[in-house]
Amino acid sequence: MKEFRHRRWKNKINRHEVFPYKYLLPENLKDVQDAVREAEREGFRIRAVGAGHSYSDVAMPDGFLLDMRYLKKVKVLENDKVKTQGNSLVEVEAGITVQKLNRVLDKKKLALINMGAIDNQTISGAIATGTHGGGRNLQSLSGMVRSILLVAAEGKLYRIEPSQGITTVTQHQEDEVTLVQDDEVFYSAVVSMGYSGIVHSYIIEVRPRYWLYENRDVMQWSVLKQQLLDGSVFDDYPIKLEGKQVKRPIRSLFIVVNPYKRGGNHSCMVARTFEVDKPRYRTLRDRSRNLLSLILGSIPITYYLTLLIVNYLPKLVPASLNQSIKAVRDQTYVDKSYKVLFQGLEFIASQGHGAEFAYDRHKPEEYIQVVEAIFAKVDELVKHVGVYPSSSPTIRFVKASDAFIAPEYQMDACYIGNPALVKQRKSRLILNAYQDLNLKMGGKPHWGKITNRLDGQPGLICQWYPRFDQWQRVMLRFNPKGTFLNGFADRLRLATPTGTLQSAKQNMATKP
């Protein structure tokens with residue numbers, strides 16, 4: 001195992017950096033166990049990091065750092081050795097990126113059931129922080145997990161599964177690994193931000209390779225708002241397949257809304273995806289998204305030109321956002337699932353950060369009110385602060401989760417994203433304003449996005465998550481001495497006894 005002292009690590013957007021006491025690169029399971037034991041012996045805390053895609057400080061270590069990049073093996077499991085319900089099961093080490101995993105699965109004629117809009121996260125980072133993807137009938141990435149191999153305190157090994165897990169108890173033969181099949185333990189550990197221990201690998205459910213058809217269109221907010229209210233935005237939608245017009249059920253929706261009014265309305269980009277059979281032929285137009293936007297989104301000069309406008313010609317921002325929405329309009333894009341689910345604009349996405357909040361999908365009047373409150377907040381920032389927010393809010397939908405502290409826990413969710421360019425002047429002021437607005441309106445934040453406005457509000461966690469005390473009890477079972485905690489956990493008081501947090505919740509409720 002490679003080891004460095006005080007080597008710098010930083011996240012993708014350079015917002016957070018650290019010089020850990022030890023920087024370790026494990027190459028196998030034993031290396032992870034040894035690192036945990038060494039950290040405990042020397043009195044340090046330890047954290048695993050992946051690609052650094054999280055905008056928050058959720059991954060930041062303050063003692064030992066485990067860089068998981070060498071743990072990237074993928075193994076398709078034989079169905080006669082595990083209990084399955086038809087789809088394939090794949091064992092995936094924690095350090096592989098979603099991008100690499102997609103390519104490996106594709107070679108095996110398999111595919112992820114769902115994924116987020118970007119693919120440069122590690123699979124462990126995406127799962128642990130609740131990365132959700134899109135699809136009102138599809139769960140987030142954590143919903144694909146069937147088993148977890150966890151390195152807990154003292155380097156002890158646990159295979160954690162639901163009560164009706166995939167492993168036959170009498171056939172479990174992993175040396176030194178304790179099998180735990182318990183719903184409370186599993187749904188606590190699967191989204192736990194690494195606080196229960198270091199995940200070495202997951203067993204996830206995947207499906208046979210499939211194809212998606214994407215349609216991007218531009219609508220006015222007044223029209224889209226009505227469709228959201230009456231639910232017709234989810235109705236079967238006409239698409240053109242191999243020269244024929246057919247109606248297909250919508251698999252997922254991805255919506256981008258210009259927060260600035262242009263011509264008395266707000267322009268919206270609505271991307272719809274549909275599952276289709278592999279086409280017998282594809283036109284040149286079908287084979288890629290809007291070529292110009294694809295190229296521009298992948299080169300650095302686009303970002304720097306955007307930054308120039310935002311910081312020095314801010315009055316051009318509203319028209320620029322309007323034009324960018326129109327530029328991504330593209331009638332058709334048909335490809336393998338993972339290529340369509342990846343939303344592109346990779347370089348610009350890597351230079352941005354943001355906050356994101358979950359609301360009840362079945363209460364459209366409430367999340368619409370949030371979107372329109374964002375419009376009003378943007379107007380306020382322009383008029384009273386002289387700041388033009390540089391990015392458009394996004395809307396996505398995802399199926400409810402059983403993970404105890406996933407924002408969509410037992411709630412079909414509408415996620416509202418609030419992005420901003422990292423180097424925009426006063427971008428933190430913008431994100432603070434967005435966070436304050438969403439927290440006030442009852443949104444539950446994505447753990448991997450910006451969450452600094454939760455400081456000083458520990459009672460909110462108990463308010464959001466009725467099973468938080470069970471989550472905490474499980475976390476402390478595998479992490480009794482706080483070995484896997486960090487500054488993020490400290491400031492959100494994730495290890496504070498729930499009675500104290502309940503008191504904070506009650507105090508919040510009695511405030512005028």
Side-chain angles (χ1 to χ4, degrees), residues 102 106 109-119 132-139 207-258 265-295 297 324-345 361 364 392 394-399 412 414-415 417:
N102 280 326
D106 187 55
K109 297 184 179 180
L110 297 169
L112 292 175
I113 296 169
N114 201 4
M115 57 175 272
I118 301 297
D119 61 8
H132 54 83
R136 63 183 176 132
N137 296 316
L138 296 167
Q139 287 191 320
R207 57 171 292 185
R209 179 196 290 160
Y210 62 104
W211 287 65
L212 293 176
Y213 176 113
E214 180 186 76
N215 167 277
R216 292 187 176 193
D217 201 2
V218 176
M219 299 176 65
Q220 295 302 310
W221 171 249
S222 58
V223 176
L224 177 60
K225 174 182 174 179
Q226 186 55 48
Q227 291 186 6
L228 290 167
L229 284 169
D230 62 27
S232 61
V233 72
F234 301 109
D235 289 350
D236 291 359
Y237 191 83
I239 60 175
K240 196 169 185 178
L241 282 175
E242 297 178 352
K244 297 180 180 179
Q245 194 87 356
V246 295
K247 276 195 172 184
R248 283 294 178 91
I250 295 172
R251 184 182 192 269
S252 66
L253 286 171
F254 176 55
I255 299 169
V256 178
V257 186
N258 187 351
N265 217 322
H266 299 267
S267 295
C268 309
M269 187 281 290
V270 181
R272 303 172 179 86
T273 62
F274 311 82
E275 189 166 340
V276 296
D277 295 331
K278 181 180 178 180
R280 289 173 297 174
Y281 65 88
R282 289 182 292 162
T283 66
L284 184 62
R285 182 181 177 83
D286 291 340
R287 292 173 181 270
S288 69
R289 289 193 175 99
N290 183 295
L291 190 58
L292 180 61
S293 65
L294 190 66
I295 294 171
S324 69
I325 284 176
K326 292 180 179 179
V328 298
R329 179 173 185 165
D330 196 348
Q331 290 299 315
T332 61
Y333 174 42
V334 185
D335 215 324
K336 294 173 184 176
S337 57
Y338 69 95
K339 294 184 178 182
V340 176
L341 293 173
F342 175 69
Q343 287 297 310
L345 300 177
R361 181 177 72 79
S392 298
T394 61
I395 303 172
R396 286 185 286 176
F397 303 93
V398 67
K399 187 178 178 181
D412 292 335
C414 167
Y415 271 94

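Keep in mind that what you see is a predicted model, and the values were worked out from it rather than measured.
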Looking at every heavy atom in both [X] and [Y], which two are closest together, and how far apart are they?
X: Ala271; Y: Met269; answer: N-SD, 3.6 Å
X: Val218; Y: Lys326; answer: CG2-CA, 4.2 Å
X: Ile325; Y: Ser267; answer: CD1-O, 3.5 Å
X: Ser337; Y: Ala111; answer: OG-CB, 3.7 Å
X: Asp235; Y: Ile250; answer: O-CD1, 3.2 Å
X: Glu214; Y: Val340; answer: CB-CG1, 3.8 Å

Check: [Y] and [X] side chains under 4.5 Å, non-hydrogen atoms:
X: Asn102; Y: Met115; result: yes
X: Pro279; Y: Leu241; result: no
X: Phe342; Y: Ile118; result: yes
X: Phe254; Y: Arg216; result: no
X: Asp217; Y: Tyr237; result: yes
X: Val246; Y: Arg248; result: yes

Who passes side-chain contact (heavy atoms from CB on, under 4.5 Å) against [X], sequence neighbours left out?
X: Lys399; result: Gln139, Asp412
X: Lys244; result: none
X: Asn137; result: none
X: Glu275; result: Arg207, Tyr210, Leu212, Arg251

Look up atom [atom1] in [X] and atom [atom2] in [Y], then write down how far apart they are to the nearest 0.5 Å.
X: Thr273; Y: Asn215; atom1: OG1; atom2: CG; result: 10.0 Å
X: Leu228; Y: Ile255; atom1: CG; atom2: CD1; result: 5.0 Å
X: Ile395; Y: Leu224; atom1: CD1; atom2: CG; result: 6.5 Å
X: Cys414; Y: Arg361; atom1: SG; atom2: CZ; result: 9.5 Å
X: Trp221; Y: Asn258; atom1: CH2; atom2: CG; result: 12.0 Å

Quiz prompt | Contacts of Asp335 that satisfy salt bridge (charged side-chain N to carboxylate O under 4.0 Å, His left out) - sequence neighbours left out | solution = Arg282
Exercise. Using the test salt bridge (charged side-chain N to carboxylate O under 4.0 Å, His left out), find all partners of Lys240 that sit at least two apart in sequence or belong to another chain.
Key: none
With [X] via side-chain hydrogen bond (donor to acceptor under 3.5 Å, both in side chains) - residues at least two apart:
X: Lys225; answer: Glu372
X: Asn265; answer: Ser222
X: Ser392; answer: none
X: Ser324; answer: none

Exercise. Quick one: sort the Tyr415 and His132 rings into parallel, tilted or perpendicular, breaks at 30° and 60°.
Key: parallel
Quiz item: Under 3.5 Å, is there a donor-acceptor pair between the side chain of Arg209 and the main chain of Asp106?
Solution: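 Flag set: sc Arg209 to bb Asp106 pair under 3.5 Å.
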Self-check item: Pairing residues for Phe234 by the ring-ring contact (aromatic ring centres under 6.0 Å, His included) criterion, not counting sequence neighbours
Solution: Phe397
